There are 2 protein chains.
Amino acid sequence: MRFSPIIEELIQALKVLPGVGQKSAQRMAFQLLERHREGGERLAVALQTAIEQVGHCSVCRTLTEHSTCGLCADTLRRDSGLLCIVESPADVVAIEQTSQYQGCYFVLMGHLSPLDGIGPDEIGLDILAQRLEQESITEIILATNPTVEGEATAHFIADLARRHQIRTSRIAHGVPVGGELEYVDQATLGHAFSGRKWIENN
Amino acid sequence: MRFSPIIEELIQALKVLPGVGQKSAQRMAFQLLERHREGGERLAVALQTAIEQVGHCSVCRTLTEHSTCGLCADTLRRDSGLLCIVESPADVVAIEQTSQYQGCYFVLMGHLSPLDGIGPDEIGLDILAQRLEQESITEIILATNPTVEGEATAHFIADLARRHQIRTSRIAHGVPVGGELEYVDQATLGHAFSGRKWIENN
């Protein structure tokens, strides 16, 4: 026995969401239909609107409903000559929340992963190469994730930058603030030692 | 800094789903917009359709797009005189999958919870009382969850059934099949002992 066709279709459709299986989808469907119909309505409208209107920023490739995103439209940022390379739009938000960086971004929307058929063109490195050619960029900051794929992507972009003679840096890896040495993994601790800084005697 | 308004609205709308917080909602929004737009489209349509068309079965209160659900429309089941009381439509599906029960259902769509303002009328016990009056029901099987609220609800319905002089049973609680005694909690093991059955000498 199964649910009635319309409920069944809703459950199957909810399973397209990442991390949602049969049981969670059932729970979501019942919750929406039983207790929160206006929330479901709002979700349907928001999805439809976003799918119709959201595209990629023509400059940095992040998701936006405008042809150029707010950060790329900021001329102060474009004049800074700084370009930070990240994997996803969520990374941009995380970096903006630090208020430490006032330059432009380039969002790869993924990382190099040849086994999955994701090569340089799929993560927009052709567009990046064009920008390096045309704009006067003085520093590239590589802020891809410290995973195997993220590191490989960073190396690949560092090579590209070298060919355009642009100085390139990688964000620091080490012990997170508030973390305890005892619970930090070996690789991170290794990075923390190899990346140690001199304390200046004043 | 936040996402652009349409993306932000999608993230907020996804947070109405149970168990979805800010980070999961972001992940879902990016996944749908970046890799799975047709899935998002399908979800929007399924939600809209379900919200417009799905209502409650007039007989057993389960969620269905028809005025009477498939199980209640089955005259063989209605003639059986058996009525099983469950908390949610998912429970009906679980019981149907056992193929052990061929009677009707009554779906409470919740359980008694006075602190949350959920009294007898909110879980349809007025409709149930009417059915007990009008139909010739010979046995009520209480299959609410073995939680504090589920047990309280079962007791309340057992009282109601007693007033209508209908025999009432509660599903058995005990050690789950395939479980190991060592890992079963005290309450369940207590139920398993108090509910033990004689083995007939043949």
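Values in this document were obtained by computation on a predicted structure and should not be read as measured data. Note on naming: letters A, B, ... go to the chains in the order of the sequence lines (proteins, then strands), and numbering restarts at 1 for each one.
Contacts with chain B were tallied for A:Arg35, A:Met109, A:Gln48; A:Met109 has the most, counting heavy-atom pairs under 4.5 Å. Most heavy-atom pairs under 4.5 Å with chain B, from the set A:Arg27, A:Lys23, A:Glu34, A:His36: that is A:Glu34. Ranked by heavy-atom pairs under 4.5 Å with chain B, the list A:Thr62, A:Thr49, A:Val16, A:Val20 is led by A:Val16. When B:Leu33, B:Ile11, B:Val45 are compared by the number of non-hydrogen pairs under 4.5 Å with chain A, B:Leu33 comes out ahead. Of all the listed residues (B:Glu9, B:Gln31, B:Glu65, B:Arg37), the one sharing the greatest number of non-hydrogen pairs under 4.5 Å with chain A is B:Glu65.
Going from atom CE of B:Met28 over to atom CG of A:Leu17 covers 4.5 Å, rounded to the nearest 0.5 Å. Note that the CD1 atom of A:Ile6 and the NE2 atom of B:His66 stand 7.5 Å from one another [nearest 0.5 Å]. Note that the CG atom of B:Leu63 and the CG atom of A:Leu10 stand 10.5 Å from one another [nearest 0.5 Å]. In this structure, B:Leu47 CG and A:Leu43 CG are separated by 5.0 Å, a value rounded to the nearest 0.5 Å.
Residue A:Gln134 qualifies as enclosed at atom CD: its count of foreign heavy atoms under 6.0 Å is above 12. More than 12 non-hydrogen atoms from other residues, nucleotides or ligands lie less than 6.0 angstrom from CD of A:Glu38.
Only the side chain of A:Leu32 comes within contact range of chain B, judged by heavy atoms closer than 4.5 Å. Proximity to chain B is limited to the side chain of A:Gln26, based on heavy atoms less than 4.5 angstrom apart. Neither the backbone nor the side chain of A:Glu52 comes within contact range of chain B, judged by heavy atoms closer than 4.5 Å. With a 4.5 angstrom heavy-atom cutoff, A:Gln53 touches chain B only via side-chain atoms.
The nearest pair of heavy atoms linking B:Pro89 to A:Phe3 is O-CE2, 3.8 Å.
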